[in-house]
Asks: 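Take a look at this one; I'll ask things after.
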Amino acid sequence: MCNALKHGGPDDEGIFIDKKAGLVFGHRRLSIIDLSVNGHQPMADIQQKVWITFNGEIYNYRELKQELLNAGAKFHSASDTEVIINAYLEWGVSAFSKFRGMFAFALYDTLKAITYLVRDTAGVKPLYYHIENGVLSFSSEAKALRMAGIANDPDQTWPVRFLAFGHIPEPYTTLKNVYCLAKGHYLTWNHALDSHQITSYQNKTPGHGLITDPKVARECLHDALKLAVNRQLIADAPIGVFLSGGVDSSIISLLANQQKEQQLKTISIYFNEKNYDESAYQNVVLSRISGEKHAHLVRRKDFEVFFPHIINDMDMPTTDGINTWFISKYAHEDGLKAVLSGVGADELFGGYPSFNRIKYLKYLRKMPSWLLNGANYFKADRYRKISFLTNKHPLADYLLLRGLFVPSEIAKILDTDIKNINEILFAENDIPNLGQYNQIQAAWFETNLYMQNQLLRDTDVMSMSHGLEVRVPFLDEDFKQLTETISPEIRFDNKQPKRLLIDSFKDILPESTWNRPKMGFTFPLQEWMSKHSEIGNVNLYKGNVAQEAVKKFKNGQMHWSKAFALYQIQING
């Protein structure tokens, strides 16, 4: 399992065994804080009461360490890992909610004979587990469980979920009985009983009274994000920023530049295809930043050469992540161990079309079912997706906004019954009652479904494949909590997406970064994939439906993400 994860932890390896407890911890280290041997993992406290294997960062570890020192704790390293151990010894499981960071860790309490698996509240770091015959196994990538022969059988339902969502939504994976631990939760494993339970540790903070004054909102956001960026720049190894040229990465880059403790490195990507090239916007921001500036041209030829590596580096099938794979590759080659990214701002401040479109769903929901069913016969994707609403399930609302293939298409592609497809997609309902098709509901969908299952997972897997850590200041617990206390009327603006965020940073943000059409960090994949020898090869695909779909794609009548999904079904089938 350690070998399977070597790419994400190339600097060190460690194993801890407790035969009496029937426990083994393994660790692959990416050294970022305390680069000395004192940071070696698995790690224990001085008395070896508690052992840990930890992936991620605790950004407020210095403040917590001071608190623990005042309480009499002893430390033998300068690492944030040891702070987790001592925090647990001092406060027990209530320590988990004190951590500000991105993390997945396993902590073994030798006296209680209990192991805890713990995941951060934003779900930035993944944590997969498998339980069979009284044995718990866990890993930060699902494929480590497969490569170790622990979970050999595929989950038969994954192709259905993948074709609907474009990713495999949590808690599911491609492997049978392998699940993703929910964010903000911990799993308690009792060694004596070989039993487990899963508990939320998130602070359910009661509303502090909504912030209804735009000026107060702007000032609070400005200060909170500045604090988040400053604490996420903590590192003993080289750190930089992904700069795409959009609002979010520009704000992060400009705030990071104000922190003069170290020279900032920026990493950007540009293209020969002018419709996708954002170098002009990147240069406006770069002209205001000191430090090393690295810009990399990505051509179709590079995509062709590295495509097999990208597929191989995926933990699970996805229709995203190619952009992150490339920029992480270059960041690693430019000598970086960690980077800051702008992920999370669109979800918090209404940066996607769904924030505007969601209000139309309440009218579509009133249509009779025979009319909704009839949408299956539309040729245009956006009209065909209305057929999702034949299901009353709230996931159908999300899939109308962001889904790939509708159930009738999935049934044909996989040669199965549509009833079976609907049962797989809509059997469970753990979506909270979010109100009536408003922007708060859109934010929940985008944060907990799209960002969680696609953006964050792909970012982690693709960056770790190059031994790079990606940090996300917009998802800082305190910043996110503050944002959610702002009145929706101020937080979301129908006329200009992310207006509140832009207004909060107008003192540093060049107008050309926000007074322009939104692009997003996208590659020219429509063109590149249609010319790709495998993706566009009709003979590779089984069944008429898939073959016809690929022909449509080659003729420019279908989005690349759908063709890419079909391709992965073929190669993983």
Side-chain angles (χ1 to χ4, degrees), residues 30 32 57 102 122 124 225 228-230 232-235 237-259 262-271 276-298 302 310 313 320-348 351 451 454-476 498 501 505 508-510 513 518-523:
L30 182 66
I32 293 173
E57 303 292 343
M102 52 179 202
V124 182
L225 189 60
V229 168
N230 285 357
Q232 295 201 16
L233 282 169
I234 292 171
I239 188 166
V241 183
F242 283 165
L243 176 64
S244 68
V247 166
D248 315 331
S249 67
S250 297
I251 291 172
I252 298 296
S253 300
L254 292 160
L255 284 176
N257 186 57
Q258 292 176 352
Q259 173 100 329
Q262 54 183 314
Q263 285 288 298
L264 190 68
K265 276 190 183 184
T266 53
I267 312 293
S268 304
I269 274 176
Y270 65 100
F271 307 102
Y276 294 86
D277 184 34
E278 295 208 77
S279 54
Y281 304 110
Q282 292 163 3
N283 291 335
V284 171
V285 177
L286 289 169
S287 68
R288 302 183 178 206
I289 287 176
S290 56
E292 288 180 38
K293 296 150 190 178
H294 299 271
H296 298 271
L297 172 67
V298 183
D302 301 311
I310 293 166
D313 286 341
D320 196 55
I322 293 171
N323 48 4
T324 305
W325 190 94
F326 272 102
I327 201 163
S328 299
K329 172 185 183 290
Y330 296 126
H332 174 76
E333 288 170 6
D334 292 332
L336 290 172
K337 281 282 190 77
V339 289
L340 304 190
S341 157
V343 169
D346 284 320
E347 291 77 6
L348 283 173
M451 182 183 79
Q454 190 139 8
L455 296 187
L456 288 180
R457 184 191 296 157
D458 292 346
T459 297
D460 187 76
V461 170
M462 295 310 202
S463 60
M464 279 296 173
S465 73
H466 297 288
L468 182 80
E469 178 180 272
V470 177
R471 300 175 173 188
V472 279
F474 282 111
L475 299 183
D476 173 90
K498 295 192 286 197
L501 182 65
F505 292 94
I508 57 171
L509 203 56
T513 59
K518 177 178 169 64
M519 278 181 68
F521 180 32
T522 48
F523 275 39

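These numbers come from the heavy atoms of this one structure, side chains and all, not from hydrogens, waters or symmetry mates. We're numbering straight along the sequence, starting at 1.
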Asks: Could you give the distance from CG (L233) to CG (L264), rounded to the nearest 0.5 Å?
Replies: 7.5 Å
Asks: Applying salt bridge (charged side-chain N to carboxylate O under 4.0 Å, His left out), can you list everything that pairs with R457, at least two apart in sequence or on another chain?
Replies: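 With neighbours one apart ignored, the set is empty.
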Asks: For residues V285 and S249, determine if any side-chain heavy atom of one lies less than 4.5 Å from a side-chain heavy atom of the other.
Replies: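 V285 vs S249: side chains apart.
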Asks: For Q258 and I508, what are the C-alpha separation, side-chain angles and deciding distance, and is it a side chain to side chain contact (heavy atoms under 4.5 Å, CB included)?
Replies: CA-CA 10 Å; Q258 292 176 352; I508 57 171; 3.4 Å; yes
Asks: Who are the ring-ring contact (aromatic ring centres under 6.0 Å, His included) partners of F505, not counting sequence neighbours?
Replies: H222
Asks: Please identify each residue that fulfils side chain to side chain donor-acceptor pair (under 3.5 Å) with K265, with sequence neighbours left out.
Replies: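 Checked K265 against side chain to side chain donor-acceptor pair (under 3.5 Å); zero matches.
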Asks: Identify the heavy atoms of A228 and P473 that sit nearest to each other, and give their distance.
Replies: CB-O, 3.7 Å
Asks: Just to verify, what does K293 make a salt bridge (charged side-chain N to carboxylate O under 4.0 Å, His left out) with, not counting sequence neighbours?
Replies: none
Asks: With respect to L254, which candidate in L243, I289, V229 satisfies the side-chain contact (heavy atoms from CB on, under 4.5 Å) definition?
Replies: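 The residue from L243, I289, V229 that satisfies side-chain contact (heavy atoms from CB on, under 4.5 Å) with L254 turns out to be I289.
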Asks: Starting at CG of D313, measure out to CE of M464 and round the result to the nearest 0.5 Å.
Replies: 13.0 Å
Asks: If every non-hydrogen atom of Y330 is compared with every non-hydrogen atom of L297, which pair is closest and at what distance?
Replies: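 Closest approach of Y330 to L297: OH-O, 4.1 Å.
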Asks: List in chain and number order the residues that pass side chain to side chain contact (heavy atoms under 4.5 Å, CB included) with A122, two or more places apart in sequence or in another chain; answer none if no residue qualifies.
Replies: D120, V124, L475
Asks: With salt bridge (charged side-chain N to carboxylate O under 4.0 Å, His left out) as the rule and sequence neighbours excluded, what pairs involving residues 279-290 come up?
Replies: none
Asks: Using the test salt bridge (charged side-chain N to carboxylate O under 4.0 Å, His left out), find all partners of D302 that sit at least two apart in sequence or belong to another chain.
Replies: R299
Asks: For H466, give me all partners under ring-ring contact (aromatic ring centres under 6.0 Å, His included), at least two apart in sequence or on another chain.
Replies: W325
Asks: Tell me, please, which residues at least two apart from D458 pass side chain to side chain donor-acceptor pair (under 3.5 Å).
Replies: T318
Asks: To the nearest 0.5 angstrom, please state how far the CD1 atom of I267 sits from the CG atom of L336.
Replies: 4.5 Å
Asks: Q232: which residues meet the side chain to side chain donor-acceptor pair (under 3.5 Å) condition with it, sequence neighbours left out?
Replies: none
Asks: List for me each residue that meets side chain to side chain donor-acceptor pair (under 3.5 Å) alongside E347, sequence neighbours excluded, and say none if there are none.
Replies: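 Listed in chain order: Y352.
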Asks: Checking S341 now: which residues fulfil side chain to side chain contact (heavy atoms under 4.5 Å, CB included) with it, not counting sequence neighbours?
Replies: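 Only F242, V343, V470, V472 meet the side chain to side chain contact (heavy atoms under 4.5 Å, CB included) criterion with S341.
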